[in-house]
Amino acid sequence: MDDPSARQTPESWPTTLDRVLRGSYLDEQALANGRLDIPVRRLLVLGVALGAIYGICLGTFRMFRGGDHATQQMLASALKVPSLFMLTLLVTFPSLYVFTALQRLPLQCGAMLRLLLLSNLVHLGVIASLGPVFAFFAASTPSYSFLLLLDVAFFAIGGLIGCAMLQRAARNAEASVPQTRRLLGVWCCVYAIVGAQMGWLLRPFVGNPQIPFAWLRPTEGNVLVGLMDTIGALFR
Amino acid sequence: MNSVDGLLRAAPQTTPRARTALALGLGGGALMGGALGAYSGEPLMAVFAAIKVPLLLLLSAGLCLPSFYVLNAVLGLRADLAPALRALLAAQAALGVTLGALTPISVFASLSVHDPYAQTLVDGMLFAVATFAAQQMLARHYEPLVARDPRHLVALRGWLVVYVFTGIQLAWVLRPFRGTAGFPVEFLRPEAFEQNAYLVVLDHFARLLR
């Protein structure tokens, strides 16, 4: 049993982040009961902060390469990284909720949303921790294509770790309903595809210094074609 | 000398104090840097290189530490972070000490080999040997951690990937370490931040295939 007096003392922000990363909130009992005791507001604030940190690191490329409006690019990226996560969640969450309800999984709508926010925060924590590495490469690499691919790789690493956290939660809840893990696995794939295309729509995050600054680019093409073009540009 | 011996022979998880390890590692790196830079005959170049090699060790580890912490936390290894960090510190110190111990070989090579490409090759090999020694040290200190929880192996591999990936580019940025006679003495090359080591290698391969 938790000590009620201990609950009243708010934990520090780094402690919350540390607990999220360690998976301390994925309590088996709570998951089986379909409840998750996670401070949602804290998750949101931490998520926005971590996304902004990584966004600023992305925007440094324009600053280091002498592009115009470097500060605006950093600001734009700092706003767009958290937005990317929020919008992707907004697009994919309703379908996940419907399927979890159809399968009669124990997690209620609110608990499911908390769980996904938690996984998003892990994803954001991973990419923010790789931010210094990205900023260093941004300072020492003139190739825009290389930086784009590095960004994609970091997002992919973060996504894989975030999904692993979801799978861990599913394993904890597995005792009651075995389909949870499968459903979350499929959702991770859908989330990755939607997230990648959402990132394409919200581009530029890194900002090519050869091109004038823009908050958003025209919605032409798709992420796969863009990725192939970027890989091709690396060899030219 | 006792401190060096203590560091190299340390049993798993009995690393020397952080300040001692740091001093040994940076001292060894500075020794190697000084020797490489002195080849040009310019004292200033020797001083620059003696600063840059320890800087390479410090920055490459520093840039990768945030991701190391996050990786440990998400793997559920946060409770072992302190001994894991001590293991990293011991490995970085071993890297510096080994570089220092290899300095006489580097000087000998500098005096007996005059082809710049061969010298670069020798330098690369010496750094590779030192890195291998550091990995031995890291493996030794990680042994009890891995025995306790095999997930430490994942954290260790993750660290190595990010560290090596960053370290290679950082070493490229911090060139020149070995001064060349007749060339101006400079802390960093003018194009230091204008080239990517991986793209240069890719470009060389592409030229070979053309």
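Lettering follows sequence order; numbering is per chain, from 1.
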Which portion of Leu77(B) sits near chain A, non-hydrogen atoms under 4.5 angstrom: neither
Tyr69(B) and Leu21(A), any side-chain heavy atoms less than 4.5 Å apart: yes
CZ on Phe136(A) to CG on Leu59(B), rounded to 0.5 Å: 8.0 Å
Val122(A), part contacting chain B, at a heavy-atom distance under 4.5 Å: side chain
Close side-chain approach of Ser143(A) and Asn196(B), heavy atoms under 4.5 Å: no
CG on Leu170(B) to CZ on Phe137(A), rounded to 0.5 Å: 9.0 Å
Structural part of Leu234(A) lying under 4.5 Å from a heavy atom of chain B: both
Residue pair Asp18(A) / Arg78(B), side-chain heavy-atom distance below 4.5 Å: yes
Under 4.5 Å from a heavy atom of chain A, the part of Val74(B) involved: both
Contact class of Arg19(A) relative to chain B, heavy atoms under 4.5 angstrom: neither
Heavy atoms of other groups near Phe187(B) CZ, more than 12 under 6.0 Å: yes
Side chain proximity check, Phe193(B) to Phe64(A), heavy atoms < 4.5 angstrom: no
Contact origin within Leu150(A) toward chain B - heavy atom pairs under 4.5 Å: side chain
Spacing of CG belonging to Asn72(B) relative to CZ belonging to Arg22(A), to within rounding of 0.5 Å: 11.0 Å
Ser129(A) versus Ser67(B), closest heavy-atom pair with distance: OG-CA, 3.2 Å
Euclidean distance, Thr141(A) OG1 relative to Glu194(B) CD, rounded to 0.5 Å: 10.0 Å
Side chain / backbone / both / neither for Leu63(B) at chain A, heavy atoms under 4.5 Å: both
When Gly76(B), Ala79(B), Ala197(B), Ala73(B) are compared by non-hydrogen pairs under 4.5 Å with chain A, the top option: Ala73(B)
Which portion of Phe165(B) sits near chain A, non-hydrogen atoms under 4.5 angstrom: both
Interchain contact, Gln169(B) with chain A, by part (heavy-atom threshold 4.5 Å): both
Chain B contacts, top residue of Ser24(A), Ala139(A), Ala135(A) (heavy-atom pairs, under 4.5 Å): Ala139(A)
